[in-house]
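Each remark here refers to the structure printed beneath this line.
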2 protein chains.
Amino acid sequence: MNTPPPANDDAAVDLGPLAAMLHHALRNAQAQVLEELQASFTAEDMRPLPFAILVVLARNPGLRQIQVGFALGIQPTNLVPLIDGLEQRGLAERRVVPGDRRARGLFLTKLGAETLARLEARAAAHEARLADRLGPGGREQLLSLLRRLAHPIPD
Amino acid sequence: MNTPPPANDDAAVDLGPLAAMLHHALRNAQAQVLEELQASFTAEDMRPLPFAILVVLARNPGLRQIQVGFALGIQPTNLVPLIDGLEQRGLAERRVVPGDRRARGLFLTKLGAETLARLEARAAAHEARLADRLGPGGREQLLSLLRRLAHPIPD
DNA sequence: TATTGTTATACTCTATAACTATA
DNA sequence: TATAGTTATAGAGTATAACAATA
């Protein structure tokens, strides 16, 4: 994204209630963090969304597409081209599931596992940089608050 | 978005490092908050991005497109169809700027100001709901942490 | 009848390149 | 030569409807 006010202008624009809206703050923070993570992935020609799929496949080999989609908030229909891409690059593969001929079990290839190891190292380094920016305890507190927002909570 | 794990499944999927990544938490929280804000805007047939433009125009009448884009992190080229939409709906208008015949000053119409008032009320109500979910002081703390993420900070 | 995966399609948001009319 | 706005275009990401194969 065209990251917003790098806080350097003189004749500042009055943002009114936007300045105090969580939606606005989330949008800006997410855009910045996404851009940084993407930048740290360019050397591997990878993006955050397919990376997330690789992470899930590594921990849950044989998972079906519908389950992967559910875990990551991706609709089955939108998952198809993402899996296609990973398969074409030789990072993941679809295999038939013994008991159910409709389903496809998803697996990381050897290349996929090796690539993922490098990607996770890059992601961890980025996360450490973010933690630095947030100060002691800031990251954990932020994660906790974000999780409360993510779940509507039947209160 | 297809909001992810509503925390009700039994055979949970292992998300590995994703579960502790700020990018992932931001994505989920942003998707949920965006969806809620959009839902609260549907009665006015409005979306968060053009709403943000209306807010800025209300506080900064006569602002040029390039300045609006800079304030909101929208490229001039992507702003054009957004302003077109607001203009076609009679909510905002482009006027010639006295000193510079290249530029366009942006203004809210009367209808735009009236519509915005209703939208801001809806946005404020949503914000209050989010604050409830975050507990005492949670919202302010979250805003502070998010702002630290949004600015790379030349440290 | 329901489920898994798929195709087709559309809309929103963001991105780059190149153009116009001014300055 | 640079700037404000614009057009054209492309790529992600997300959304719905409908279908084939299978359960």
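A, B, ... follow the sequence lines: proteins, then strands. Residue 1 opens every chain.
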*Starting at CG of B:L79 and ending at C1' of D:dT7, how long is that distance when rounded to a whole Å?*
15 Å
*Think B:R104 has a side-chain N or O under 4.0 angstrom from the OP1 or OP2 of C:dA21?*
no
*For B:R94 and D:dT6, give me the distance from atom CZ to atom C1', rounded to whole Å.*
9 Å
Nucleotide N/O to protein N/O under 3.5 Å, stretch nucleotides 7-10 of chain C:
| unit_1 | atom_1 | unit_2 | atom_2 | d |
| --- | --- | --- | --- | --- |
| C:dT7 | O4 | A:T77 | OG1 | 2.5 |
| C:dA8 | N6 | A:T77 | OG1 | 3.2 |

*Nearest-Å distance, CD (B:Q65) to C1' (D:dT3)?*
14 Å
Protein N or O to nucleotides 18-23 of chain D N or O, pairs below 3.5 Å:
| unit_1 | atom_1 | unit_2 | atom_2 | d |
| --- | --- | --- | --- | --- |
| D:dA23 | OP1 | A:R101 | N | 2.9 |

*asked:* Taking the side chain as everything from C-beta on, heavy atoms only, tell me whether A:L72 gets closer than 4.5 Å to B:H24.
replied: yes
_Assess whether a salt bridge exists between A:E36 and A:R133, defined as any Lys/Arg side-chain N lying under 4.0 Å from an Asp/Glu carboxylate O._
yes
_Flag side-chain contact, heavy atom, 4.5 Å: A:M21 against B:L37_ = yes
*Interatomic distance where CD1 belongs to A:I74 and C1' belongs to D:dA12 [whole Å]*: 12 Å
*Between P of C:dA2 and CZ of A:R64, the distance in whole Å*: 19 Å
*Identify whether any heavy atom of B:L49 sits under 4.0 Å from a base atom; if not, whether one sits that close to sugar-phosphate; answer base, sugar-phosphate or nothing.*
sugar-phosphate
*Is the shortest distance from a Lys or Arg side-chain nitrogen in A:K110 or A:E114 to a carboxylate oxygen in the other one below 4.0 Å?*
yes
_Between D:dA12 (P) and A:L37 (CG): distance, integer Å_ = 16 Å
_Rounded to whole Å, please give me the gap between CG in B:D45 and P in C:dT12._
10 Å
*Applying side-chain contact (heavy atoms from CB on, under 4.5 Å), run through A:L106 and A:Q65 and close with a yes or a no.*
CA-CA 7 Å; A:L106 299 178; A:Q65 284 188 208; 3.6 Å; yes
*Please say which of B:L142, B:L134, B:V33 ends up in a side-chain contact (heavy atoms from CB on, under 4.5 Å) with A:L146.*
B:L142
*Is A:R139 reaching over with its side chain to a backbone N or O of A:A128, donor-acceptor style, under 3.5 angstrom?*
no
*Grab the CD1-C1' distance between B:I53 and D:dG5 for me, whole Å please.*
15 Å
*Shortest non-hydrogen contact from A:A92 toward A:L57*: CB-CD1, 4.0 Å
*Decide yes or no on side-chain contact (heavy atoms from CB on, under 4.5 Å) for A:N60 and A:Q67, but give the supporting numbers first.*
CA-CA 10 Å; A:N60 311 269; A:Q67 295 173 302; over 6 Å; no
